[in-house]
Amino acid sequence: MGQSAPISIEVQPRYRAVQGDRWPVQVSPRAGELLSSWIHRVAFAHGLPPRRFADALNFGTGMWSPRLDVDFPNWALRLFAHYSGVAPDTLVRMTVQDKFWKRLLLPLRHDVSQEKSTWLQFCPKCLAVGKTPYFRRRWRFAIHVHCRQHGCRLLDRCPRCQRGIASFDQTELKPQHCCVACGLDLRRARTQPLDAETAWVAQCIEDIGRLEFAKGSNQSLASRLLELPGMADAGKTRVLTNFSVEHRIGFYRLIASRMVDLLGSDPSPLVSFWRKRIIMEGGIDAIMQSLSDNLAFRGPRGSLYPPMRRPLMRKLPRKVVYSGEWHDLVRSYLELNARSRGSS
Ligand SMILES: [Zn+2]
Ligand SMILES: [Zn+2]
């Protein structure tokens, strides 16, 4: 706790009549937002720096909000859901619960040397999109090193002062996209393109990770991904999550010619098939159309069916076909395969 006077967010009587005891400003989570990013925006919207918001709600010191991203106790979930009006399910989806992804989290640390990872990465161009800069959940994972949308490398520290993101420690009323140490607007940080071959490696690794998540956690793949530094450079004994984004990009470049050997195999022939296909075709996007066609557009004799008469539609949640959420599609594909194997 700091030396500042105790503060709280109180709802004035005129608001209480219309919205109970909810916080006066409603802050909606953005697509793919990390919980701590949303919490910092809630604090800012109510005129409180994150550090004072934590004091007001007794969330403790240090990296209080990043801790909630990975360990969101029920009492905290109830508190935020009650006062913000955001559904508990939505809040939980902004955290990291899955065992596979938890192993690939960048460790919670702030003061770091040049070689070590920080806890959070960012794409300046993504921060600059729209009126609400926010940090994405995927930027917490070590396997992500570039932004597919903008084709640039992620940054994991302020390019001016070399400090990591520390919005949780902000004591002044400034938005979270301003570096806490030097004040730089991180949306203006210069980006660097990632060369095509390394971008291909990064894309394959991300998609293989998502495939793994779609079919259910496979701890052996997580272990393999963590050991990539040693596969790239025999002298490296520390795991992937320990290295800065620059070093991880270097490892990706070194393993480019051995992707099939290092990541293509799995005890399940079906998973092995998809992993190799992802590697050979450079990511899941390129193969999605044919997968979608196989699932939803082809009948028993390979003929095309109008949308509402497709036989497989009865076995799939409709959103799988229409939403473009490929991990749902892959999960359904794997389930269908398992089912057809079970019934044969
Ligand atoms: Zn971006
Ligand atoms: Zn800075």
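Here the structure is a predicted model, which means the values were calculated and not measured. For ligands, and for the atoms within them, numbers begin at 1 and follow the listed sequence.
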Vertex the Zn ion (ligand 2), rays to SG in C161 and SG in C182 - rounded to 10°: 120°

Identified ring-ring contact (aromatic ring centres under 6.0 Å, His included) counterpart of F141 within the set W101, W119, F100: W101

Short side-chain donor-acceptor distance under 3.5 Å, S244 and H247: yes

Derivation and outcome, side chain to side chain contact (heavy atoms under 4.5 Å, CB included), residues R137 and R93: CA-CA 9 Å; R137 183 177 171 274; R93 273 199 298 276; over 6 Å; no

2.8 Å cut-off (strict), protein N, O or S atoms about the Zn ion (ligand 1): 4

Heavy atoms from other residues, nucleotides or ligands near NZ of K116 exceed 12 (cutoff 6.0 Å): no

Opening angle at the Zn ion (ligand 2) [SG, C158; SG, C179; to 10 degrees]: 110°

Any side-chain donor near an acceptor of the partner, Q176 and S37, under 3.5 Å: yes

Nearest non-hydrogen partners of R253 and T198, listed with the distance: NE-OG1, 3.3 Å

Donor + acceptor pair across side chains of R248, Q121 (<3.5 Å): yes

